[in-house]
Amino acid sequence: MKQKTGLKVGILFFILLIFGTVMFSTFIEQNVENMISHKGIVNAAATNIKLSNYQLSLGIGETYKLTANQAVTWNSSAASIAATDQYGNITGVSKGIAPITAYANGAVKSCKVTVKSAPQSVKLSKSVITLGVGESYKLTSIIPANTAAAVRTFRTSNSKIIKMTRTDWIGEFKAVGTGTAWVTVRLYNGKEASCRINVKKQPEKVSLDKSSVSLGVGESYKLSALLPENTASSVRTFRTRSSKIIKMTRTDWVGEFKAVSTGTAWVTVRLYNGKEASCKINVKAAPQSVRMNYSSLTLGKGESFKLSAVIPDKTASSLRTFSSSDSSIIKMTKTNWVGELRAVGTGTAWVYVRLYNGKQANCKITVKPAPTSVSLDKSIIYLKSGEKSKLNVTLPANTFSRSVIFRSSDSRVLKMTKTDGTAEFTAVSDGTAWVTVRLFNGIEKSCKVIVGNKHIIENRNGVTYIDGVLVVNKTYSLPKSYGSGLNSTALAAFNSMASDASKDGIYLNIVSGYRSYETQSYLYESYCARSGKQEADRFSARPGHSEHQTGLAMDINSVYDSFADTAEAKWLANNCWKYGFIIRYPKGKENITGYKYESWHIRYVGKELAKVLTQSGQTLEEYFGITSVYSY
């Protein structure tokens with residue numbers, strides 16, 4: 001019984017011995033590297049195995065050579081995934097992971113090889129690059145996800161233009177001559193991609209798109225570098241030395257930054273060849289309000305205009321963005337910094353401006369139809385050298401043109417002193433010039449201006465005009481058929497004068513206005529019958545010689561001499577010139593005008609001439625140098 005028990009124990013011991021030996025052997029093989037490094041079992045020389053790669057990704061079908069710093073034996077633990085020969089040439093066979101092991105003198109080093117699908121395409125990090133001569137650049141290749149290619153070889157099509165300085169895995173090169181060349185990457189399986197390299201001269205200088213900028217705290221901005229024509233620099237690096245004022249948020253190619261506190265800073269760009277340029281950045285407080293230069297305005301359809309934003313002193317906002325509430329009425333043609341716009345439809349729209357910090361303002365714009373014509377208040381003006389005059393425009397009802405610009409055809413004759421809205425000008429020398437008004441849509445109207453010390457007398461259909469002023473007296477007559485009523489301009493001027501006079505407690509009314517030739521003939525004949533012809537000629541005009549027939553003359557309140565002592569007569573004498581009237585037959589001028597003093601008789605001649613005559617004390621006869629004497 002004891003013998004059988006001993007036999008069983010012996011057999012069990014033998015089995016355990018064999019199993020332990022096998023397990024120990026496996027343990028040693030699989031963990032020899034660990035034993036070498038941690039237990040010091042092998043000699044010192046064996047611990048210095050170094051491989052060219054410890055991790056490697058290959059595409060199926062790709063071969064890559066691993067190298068070691070000493071003679072080794074290569075082995076693949078999964079040859080169906082990655083196979084190796086005795087020289088360390090590793091070939092990707094199928095997708096997966098396979099350790100490649102190098103043995104030498106009992107030491108082991110491994111490289112983890114991952115095999116992926118072969119790439120069916122490849123592209124480069126850039127398809128086109130422009131460089132300056134002397135500039136270096138680096139291209140990388142990109143392959144589809146879940147594919148691999150350890151071999152990526154770069155080459156150039158022209159080494160006189162592009163000199164390769166690294167050709168494996170990444171393409172590093174230097175531009176050595178002007179022209180165009182191609183840099184191409186090739187994978188192990190023949191797939192290729194190329195980048196076109198344009199090489200230009202190196203820039204001798206650089207500038208920025210702004211030399212100075214004012215920003216508000218919290219505002220962001222972007223600067224761009226400008227190079228001379230036919231030069232290039234791929235490297236454009238931006239920096240600031242005042243990061244407490246300006247914080248850079250992008251420094252390559254463009255300079256993007258944010259103003260973080262008030263003060264002055266410089267942003268500098270540097271090219272690959274050391275050329276630099278700087279921009280001065282003034283940072284001010286953020287504006288707490290904004291307004292436009294107009295809160296409302298009116299335009300004609302088709303008219304253009306420009307709005308600007310106004311912010312408080314000692315604040316800044318480089319960003320000022322304009323927009324329209326209705327593009328069918330107002331179309332914006334420029335929206336940054338200034339608001340340039342065009343009225344494209346009639347109606348009302350709002351234009352808004354917005355700053356970087358959200359502050360806003362608006363302008364109400366009313367658009368009316370464009371005028372199809374324009375008229376001036378005078379068609380001809382006569383001036384002496386040194387005299388001044390002006391013109392006003394009238395547009396058709398319910399039309400508008402903000403742009404009303406005047407010009408002189410000859411500045412040697414007529415000098416413009418105001419050209420916008422109304423025309424004001426001064427006669428500088430004898431001659432003839434035209435003053436022309438032009439609206440935004442090209443509609444024009446002109447007034448002839450004759451400058452000379454001699455008055456120009458014209459006869460138009462039997463009516464005498466001197467320097468454009470209708471003249472009727474004992475010398476100059478009117479045709480029997482002339483006239484049909486009070487002149488509308490003269491009547492409007494009287495109504496305005498009467499309204500203003502009433503505010504002073506003076507009440508004016510017309511007792512005699514327009515008279516026809518026939519009416520004047522009747523009156524004159526009755527005065528002759530009553531007082532005799534010689535006496536009648538002192539206060540009554542013969543038919544065809546009466547100013548009343550022109551529609552420009554009026555008798556005010558009374559036709560009796562006693563009127564001269566009234567408050568109304570005195571107010572009239574002192575103020576009528578302001579409305580374009582003169583006392584036609586003043587006191588003490590009977591031998592000049594041919595008529596006795598009539599304090600009630602006023603004549604409309606226009607404000608300019610009325611002012612000249614009143615201030616000089618002259619009559620029309622004296623001013624024009626004419627007589628007033630019957631020839632029969």
What pair of heavy atoms forms the shortest contact from [X] to [Y], and how long is it?
X: Val435; Y: Leu376; value: O-CD1, 4.3 Å
X: Ser521; Y: Pro543; value: CA-CG, 3.4 Å
X: Pro287; Y: Thr315; value: CB-OG1, 3.7 Å
X: Gly513; Y: Ile510; value: N-CG2, 3.9 Å
X: Ala285; Y: Thr262; value: N-CG2, 3.8 Å
X: Met416; Y: Ala423; value: CE-CB, 3.9 Å

Indicate yes or no for a side-chain donor-acceptor contact from [X] to the backbone of [Y] under 3.5 Å, with no hydrogens or angles considered.
X: Asn487; Y: Thr489; answer: yes
X: Glu622; Y: Thr619; answer: yes
X: Gln549; Y: Tyr482; answer: yes
X: Thr475; Y: Val629; answer: yes
X: Ser308; Y: Asn293; answer: no
X: Ser401; Y: Val404; answer: no
X: Ser616; Y: Val612; answer: yes
X: Asp377; Y: Asn392; answer: yes
X: Asn557; Y: Asn509; answer: yes
X: Tyr352; Y: Gln360; answer: no

Does [atom1] in [X] sit with more than 12 non-hydrogen atoms of other residues, nucleotides or ligands closer than 6.0 Å?
X: Lys222; atom1: NZ; value: no
X: Lys607; atom1: NZ; value: no
X: Lys384; atom1: NZ; value: yes
X: Lys301; atom1: NZ; value: no
X: Gln615; atom1: CD; value: yes
X: Asn459; atom1: CG; value: yes
X: Asp504; atom1: CG; value: yes

How long is the gap from [atom1] on [X] to [atom2] on [Y], to the nearest 0.5 Å?
X: Ser628; Y: Glu590; atom1: OG; atom2: CD; result: 10.5 Å
X: Leu609; Y: Gln618; atom1: CG; atom2: CD; result: 9.5 Å
X: Ser304; Y: Arg402; atom1: OG; atom2: CZ; result: 13.0 Å
X: Leu208; Y: Ser224; atom1: CG; atom2: OG; result: 8.5 Å
X: Leu297; Y: Ile365; atom1: CG; atom2: CD1; result: 4.5 Å
X: Ser516; Y: Tyr522; atom1: OG; atom2: OH; result: 12.5 Å

Over 60° means perpendicular and under 30° means parallel, so tell me whether [X] and [Y] are parallel, tilted or perpendicular.
X: Phe581; Y: Tyr604; value: perpendicular
X: His455; Y: Tyr623; value: tilted
X: His545; Y: Tyr632; value: tilted

Take Asn473 and Thr593 through the side chain to side chain contact (heavy atoms under 4.5 Å, CB included) test and state the conclusion after the steps. CA-CA 8 Å; Asn473 63 10; Thr593 64; over 6 Å; no
Can you tell me if [X] and [Y] form a side-chain donor-acceptor pair at under 3.5 Å?
X: Ser327; Y: Ser324; value: no
X: Ser389; Y: Glu608; value: yes
X: Tyr524; Y: Asp537; value: yes

Could you check if a side-chain atom of [X] sits within less than 4.5 angstrom of a side-chain atom of [Y], using non-hydrogen atoms only?
X: Ile466; Y: Leu620; answer: no
X: Asp209; Y: Leu223; answer: yes
X: Met554; Y: Ile556; answer: yes
X: Phe322; Y: Lys306; answer: no
X: Ile405; Y: Asp420; answer: yes
X: His601; Y: Ser512; answer: no
X: Met497; Y: Asn575; answer: no
X: Thr426; Y: Lys388; answer: yes

Using the rule given for side chain to side chain contact (heavy atoms under 4.5 Å, CB included), can you reason through Met332 versus Leu307, listing the C-alpha separation, both sets of side-chain angles and the distance that settles it, and then say yes or no? CA-CA 11 Å; Met332 302 304 302; Leu307 288 168; over 6 Å; no
Could you go step by step and tell me if Glu444 and Arg438 meet the salt bridge (charged side-chain N to carboxylate O under 4.0 Å, His left out) rule? CA-CA 5 Å; Glu444 291 186 338; Arg438 183 182 178 90; 2.9 Å; yes
Salt bridge or not between [X] and [Y]? Use side-chain N to carboxylate O under 4.0 Å.
X: Glu621; Y: Lys474; value: no
X: Glu547; Y: Arg515; value: no
X: Asp500; Y: Lys578; value: no

Carefully, step by step, assess Phe305 and Tyr294 under the rule ring pair (Phe, Tyr, Trp, His ring centres under 6.0 Å). CA-CA 11 Å; Phe305 197 75; Tyr294 288 88; 5.4 Å; yes
Is it true that the NZ or CZ of Arg603 lies under 6.0 Å from the centre of Tyr595's six-membered ring and within 45 degrees of the ring axis? no
Start with the C-alpha distance between Tyr221 and Ile246, add both sets of side-chain angles, then the distance that settles side chain to side chain contact (heavy atoms under 4.5 Å, CB included), and finish with yes or no. CA-CA 10 Å; Tyr221 198 80; Ile246 293 294; over 6 Å; no
Can you list the steps and then say if Ser408 with Ser411 is a side-chain hydrogen bond (donor to acceptor under 3.5 Å, both in side chains)? CA-CA 6 Å; Ser408 167; Ser411 59; over 6 Å; no
For Val353 and Val351, run side chain to side chain contact (heavy atoms under 4.5 Å, CB included): C-alpha distance rounded to whole Å, both residues' side-chain angles, the deciding distance at 0.1 Å, then the answer. CA-CA 7 Å; Val353 63; Val351 170; over 6 Å; no
